[in-house]
**Student:** 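The following block contains the structure, expressed as structure tokens.
Side chains are part of it too, since the values below use all heavy atoms of this structure and drop only hydrogens, waters and symmetry mates.
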Amino acid sequence: MAKKQPVIISCAITGAIHTPTMSDALPYTADDIANQAIAASEAGAAILHLHARRPEDGGVTIDPDAFATFLPRIKAATDAVINISTGGSLKNTIDERIAPTLRFSPEMCSMNMGSMNFSFHPLAKRYKDWKFDWERDYVANSDTYIFRNTFADLENAANQLAPHNVKFEHECYDVGHLYNLRFCMDIGLYKAPVFIQFIFGILGGIGPDIDNLIYMKRTADRLFGDDYRWSVLGAGGAQMPFATTASQMGGNVRVGLEDSLLISRGKLAESNAQQVAKIRRIIQELGAEIATPDEAREILQLKGQQNVKF
Ligand code: KMH
Ligand code: ZN
């Protein structure tokens, strides 16, 4: 019998949804982002999906200089694959959002496969006292944002990034995004195998029902055949159930405080590494292996750590 492929664990360390008030564990200084990323890698994450934050107040930033404060430290301490977000702001242009990736030329970066509502405003009602001034309005006003990823934006980003040979984490929040990806492959923007992150539970995207996972997977099988690898991210309380199910369906998984602050229903996680350790234990207890960073590189056909610029 053919050996089962090991499961790639991605860990998304801090993101742009949650704010410091929501959890003391959410990292936002360079030290904390680096330390939590390194610990997540030691716990079993092969890929680290990274955003930057303002160290003084935890605000979201896409300034390449902010990434420079932690990328070299993480690279020096781990052999994990670094994946830089290009979606980390709902307000900036695609040119601004790809600037960190253009400067640091990582092995991977995210690519969001359609324009959409992307809202987390219901979270604003849960907190009365906020640690920092910016947080309440940032969260409450997310109901006014359109997350812009037009076909022109996707083509512009692919053309500028082509010389860097970066593998995209194609973030697909709904079935239509899979068709957008197929179209972009057909016009030559991306090379197979593409890596698709199926996303469930973002307000504005498809909901966290397991039926939807089956449907997304079946649609991707039809559209991409052998030309894709896939992973699953469930937001909030859907994180562990969706990761567990995906790992049993032959998929890969993404955890991390970017997408969920919880370790179990109603209980805050202490760190990113705690979430990685939990999903690793579940995957291994259910009889699968987890991928090392080098196995992830082989499965996703990455250019290698020696070719990044940080
Ligand atoms: N937190 C994810 C649902 C990106 O970085 O490009 C969205 C995300 C976007 O990861
Ligand atoms: Zn992200």
**Student:** Are the charged groups of R218 and D221 less than 4.0 angstrom apart, N to O?
**Tutor:**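 No, R218 and D221 are not salt-bridged.
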**Student:** List for me each residue that meets ring pair (Phe, Tyr, Trp, His ring centres under 6.0 Å) alongside F183, sequence neighbours excluded, and say none if there are none.
**Tutor:**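 F151.
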**Student:** Indicate if I202 and M240 have the same hydrophobic cluster label, given that clusters are the connected sets of ILVMFWY residues with side-chain heavy-atom separations under 4.5 angstrom.
**Tutor:**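 Different clusters.
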**Student:** Go through it in stages, so that I can follow the logic: the residues are T144 and N141, the test is side-chain hydrogen bond (donor to acceptor under 3.5 Å, both in side chains), and I'd like the CA-CA distance, side-chain angles, deciding distance and then a yes or no.
**Tutor:** CA-CA 6 Å; T144 65; N141 295 342; 5.7 Å; no
**Student:** What residue among N83, L233, V81 forms side chain to side chain contact (heavy atoms under 4.5 Å, CB included) with H49?
**Tutor:**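 Exactly one option meets the side chain to side chain contact (heavy atoms under 4.5 Å, CB included) with H49, and it is N83.
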**Student:** Tell me, yes or no, whether the heavy-atom count around D133 atom CG, taken from other residues, nucleotides or ligands under 6.0 Å, exceeds 12.
**Tutor:**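 No.
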**Student:** Give the cluster check for V253 versus F200: same hydrophobic cluster or not, with ILVMFWY residues linked at side-chain heavy-atom distances below 4.5 Å.
**Tutor:**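 No, no single cluster joins them.
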**Student:** Could you walk me through whether Y190 and H170 pass ring pair (Phe, Tyr, Trp, His ring centres under 6.0 Å), step by step?
**Tutor:** CA-CA 10 Å; Y190 310 126; H170 293 284; 4.3 Å; yes
**Student:** Do we see a donor-acceptor contact under 3.5 Å between the side chains of T29 and D32?
**Tutor:**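 Per modelled atom types, T29 and D32 side chains form no pair under 3.5 Å.
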**Student:** In the hydrophobic clustering (ILVMFWY, side-chain contacts below 4.5 Å, transitive), which residues join I13, or is it alone?
**Tutor:**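 Members besides I13, by chain and number: I33, L48, L50, F67, F70, L71, I74, I82, I84, F104, V308, F310.
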**Student:** Taking the side chain from T14 and the backbone from E258, do they hold a donor-acceptor pair closer than 3.5 Å?
**Tutor:**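 No, because the side chain of T14 does not come within donor-acceptor range (under 3.5 Å) of the backbone of E258.
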**Student:** Minimum heavy-atom separation for L213 to A246, with atom names?
**Tutor:**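 In terms of heavy atoms, the two residues are closest at CD2-N, 4.4 Å.
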**Student:** List for me each residue that meets salt bridge (Lys or Arg N to Asp or Glu O under 4.0 Å) alongside D31, sequence neighbours excluded, and say none if there are none.
**Tutor:**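 Applying salt bridge (Lys or Arg N to Asp or Glu O under 4.0 Å) to D31 gives R73.
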**Student:** Regarding R297 and E107, does a basic nitrogen lie under 4.0 Å from an acidic carboxylate oxygen?
**Tutor:**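 Counted as a salt bridge, because a side-chain N and a carboxylate O are separated by less than 4.0 Å.
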**Student:** Kindly say whether R148 contributes a backbone atom to a donor-acceptor pair with the side chain of S115 at under 3.5 angstrom?
**Tutor:**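 No; zero donor-acceptor contacts below 3.5 Å.
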**Student:** Donor-acceptor pair, distance only, cut-off 3.5 Å: does the side chain of H18 make one with the backbone of L257?
**Tutor:**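 It does hold such a pair.
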**Student:** Between C11 and A40, what is the shortest heavy-atom contact and its length?
**Tutor:**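 Residues C11 and A40, closest heavy atoms: SG-CB, 3.9 Å.
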**Student:** Residues sharing I62's hydrophobic cluster, by side-chain heavy-atom contacts under 4.5 Å among ILVMFWY, directly or via others?
**Tutor:**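 The other cluster members (ILVMFWY side chains, heavy atoms under 4.5 Å, direct or chained): none.
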**Student:** Same cluster or not: V166 versus Y228, using hydrophobic residues (I, L, V, M, F, W, Y) connected whenever any side-chain heavy atoms lie under 4.5 Å apart?
**Tutor:**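 Unlinked, V166 and Y228 end up in two clusters.
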**Student:** Mind checking the CD1-CD1 spacing from I279 to I9? Nearest 0.5 Å is all I need.
**Tutor:**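 So the gap between those two atoms works out to 7.0 Å.
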**Student:** Do S264 side-chain atoms and K267 backbone N/O form a donor-acceptor pair below 3.5 Å?
**Tutor:**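 Absent.
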**Student:** Looking at F195, is its backbone amide N or carbonyl O close enough to the side chain of K167 to form a donor-acceptor pair, meaning the two atoms are under 3.5 Å apart?
**Tutor:**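 Here the side-chain-to-backbone pair does not exist.
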**Student:** Between R265 (side chain) and L262 (backbone), is there a donor-acceptor pair under 3.5 Å?
**Tutor:**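 Side chain of R265 to backbone of L262: no pair is present.
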**Student:** Please check if atom CZ in R136 has more than 12 non-hydrogen atoms from other residues, nucleotides or ligands closer than 6.0 Å.
**Tutor:**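 Not more than 12 within 6.0 Å, no.
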**Student:** Drop me the distance from F168's CZ to T86's OG1, to the nearest 0.5 angstrom.
**Tutor:**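 Here the rounded value is 8.0 Å.
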**Student:** Report the hydrophobic cluster partners of L203, with the cluster defined as I, L, V, M, F, W, Y residues connected by side-chain heavy atoms closer than 4.5 angstrom, directly or transitively.
**Tutor:**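 Members alongside L203: none; it stands by itself.
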**Student:** Using 4.0 Å as the upper bound for N to carboxylate O, is an ion pair formed by E171 and R254?
**Tutor:**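 E171 and R254: salt-bridged.
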**Student:** Is there a path of hydrophobic side-chain contacts, each under 4.5 Å between heavy atoms of I, L, V, M, F, W or Y residues, that connects I290 with I299?
**Tutor:**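 Per the 4.5 Å side-chain linkage, I290 and I299 are not co-clustered.
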**Student:** Heavy-atom count check: over 12 atoms from other residues, nucleotides or ligands less than 6.0 Å from Q284 CD?
**Tutor:**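 Enclosed: over 12 neighbouring heavy atoms sit under 6.0 Å from CD of Q284.
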**Student:** Is the shortest heavy-atom distance from the side chain of E169 to the side chain of I196 under 4.5 Å?
**Tutor:**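 Sidechains of I196 and E169: no contact.
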**Student:** Pair Y28, D57 - check side-chain hydrogen bond (donor to acceptor under 3.5 Å, both in side chains), show working.
**Tutor:** CA-CA 8 Å; Y28 59 88; D57 65 359; over 6 Å; no
**Student:** According to the interplanar angle, ranging from 0 to 90°, do the rings of F120 and F118 count as parallel (below 30°), tilted (30 to 60°) or perpendicular (above 60°)?
**Tutor:**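 It falls in the perpendicular class, over 60°.
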**Student:** Under 4.5 Å between side-chain heavy atoms, hopping through other hydrophobics if needed: is there a path connecting L178 to W230?
**Tutor:**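 Shared cluster, yes.
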**Student:** Only counting residues at least two apart or in another chain, list the ones meeting salt bridge (Lys or Arg N to Asp or Glu O under 4.0 Å) with D24.
**Tutor:**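 Per chain and number, D24 pairs via salt bridge (Lys or Arg N to Asp or Glu O under 4.0 Å) with K131.
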**Student:** Could you check S271 against Q36 for side-chain hydrogen bond (donor to acceptor under 3.5 Å, both in side chains), going step by step and ending with a plain yes or no?
**Tutor:** CA-CA 7 Å; S271 65; Q36 287 217 35; 5.0 Å; no
**Student:** If the condition is salt bridge (Lys or Arg N to Asp or Glu O under 4.0 Å), which residues does D95 pass it with, not counting sequence neighbours?
**Tutor:**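 Scan of D95 (salt bridge (Lys or Arg N to Asp or Glu O under 4.0 Å), adjacent residues dropped) gives none.
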**Student:** Please identify each residue that fulfils salt bridge (Lys or Arg N to Asp or Glu O under 4.0 Å) with K75, with sequence neighbours left out.
**Tutor:**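 K75 satisfies salt bridge (Lys or Arg N to Asp or Glu O under 4.0 Å) with no other residue.
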**Student:** Only counting residues at least two apart or in another chain, list the ones meeting side-chain hydrogen bond (donor to acceptor under 3.5 Å, both in side chains) with R103.
**Tutor:**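 side-chain hydrogen bond (donor to acceptor under 3.5 Å, both in side chains) list for R103, sorted by chain: D65.
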**Student:** Applying side-chain hydrogen bond (donor to acceptor under 3.5 Å, both in side chains) as the test, list every pair that has at least one member in residues 299-310; sequence neighbours left out.
**Tutor:**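 Counting only pairs at least two positions apart or across chains, the side-chain hydrogen bond (donor to acceptor under 3.5 Å, both in side chains) contacts touching residues 299-310 are S105-K303.
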**Student:** Could I get the full list of ring pair (Phe, Tyr, Trp, His ring centres under 6.0 Å) partners for Y127, not counting sequence neighbours?
**Tutor:**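 Partners of Y127 under the ring pair (Phe, Tyr, Trp, His ring centres under 6.0 Å) test: W130.
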**Student:** Would you say the side-chain atoms of D259 and Q239 include a donor-acceptor pair closer than 3.5 Å?
**Tutor:**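 No, because no side-chain N or O of D259 sits under 3.5 Å from a partner of the opposite role on Q239.
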**Student:** Specify the closest pair of heavy atoms between A291 and A46, including all atoms of both residues, with the distance to one decimal.
**Tutor:**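 Result for this residue pair: O-CB, 3.6 Å.
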**Student:** Classify the angle between the aromatic ring planes of Y138 and Y145 as parallel (below 30°), tilted (30 to 60°) or perpendicular (above 60°).
**Tutor:**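 The rings of Y138 and Y145 sit tilted, inter-plane angle from 30° to 60°.
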**Student:** Should side-chain heavy atoms under 4.5 Å link Ile, Leu, Val, Met, Phe, Trp and Tyr, which residues sit in the same cluster as I146?
**Tutor:**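 None; I146 is a cluster of one.
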**Student:** Would a distance-only check, ignoring hydrogens and angles, find a side-chain to backbone donor-acceptor pair under 3.5 Å from N252 to I8?
**Tutor:**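 Between the backbone of I8 and the side chain of N252 there is a qualifying donor-acceptor contact (under 3.5 Å).
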**Student:** Please name the pair of heavy atoms, one in S85 and one in S110, separated by the smallest distance, quoted to 0.1 Å.
**Tutor:**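 Taking S85 first and S110 second, the nearest heavy atoms are CA-OG, 3.3 Å.
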**Student:** Report, as yes or no, whether the 6.0 Å neighbourhood of atom CG on D226 holds more than 12 heavy atoms from other residues, nucleotides or ligands.
**Tutor:**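 No.
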**Student:** Give the C-alpha distance, both sets of side-chain angles, the deciding distance and a yes or no for side chain to side chain contact (heavy atoms under 4.5 Å, CB included) between Y173 and I206.
**Tutor:** CA-CA 6 Å; Y173 301 76; I206 203 166; over 6 Å; no
**Student:** Any chance you could lay out the side chain to side chain contact (heavy atoms under 4.5 Å, CB included) test for V139 and H121, step after step, and finish with the verdict?
**Tutor:** CA-CA 5 Å; V139 176; H121 66 279; 5.5 Å; no
**Student:** Looking at V232, is its backbone amide N or carbonyl O close enough to the side chain of Q197 to form a donor-acceptor pair, meaning the two atoms are under 3.5 Å apart?
**Tutor:**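 It does hold such a pair.
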**Student:** So with a 6.0 Å cut-off around CD of E270, is the heavy-atom count from everything else above 12?
**Tutor:**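 No, CD of E270 has 12 or fewer neighbouring heavy atoms, counting only those of other groups under 6.0 Å.
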**Student:** Looking at R53 and T61, what are the two nearest heavy atoms and their distance?
**Tutor:**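 Residues R53 and T61, closest heavy atoms: C-CG2, 3.5 Å.
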**Student:** Verify, without hydrogens or angle tests, whether S41 (side chain) and A80 (backbone) share a donor-acceptor contact under 3.5 angstrom.
**Tutor:**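 No; zero donor-acceptor contacts below 3.5 Å.
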**Student:** Take D294 and E298 through the side chain to side chain contact (heavy atoms under 4.5 Å, CB included) test and state the conclusion after the steps.
**Tutor:** CA-CA 6 Å; D294 281 343; E298 198 182 314; over 6 Å; no
**Student:** Quick check: does any side chain N or O of N149 sit under 3.5 Å from a backbone N or O of G114, one acting as donor and the other as acceptor?
**Tutor:**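 The answer is yes, because a donor-acceptor pair under 3.5 Å joins these two groups.
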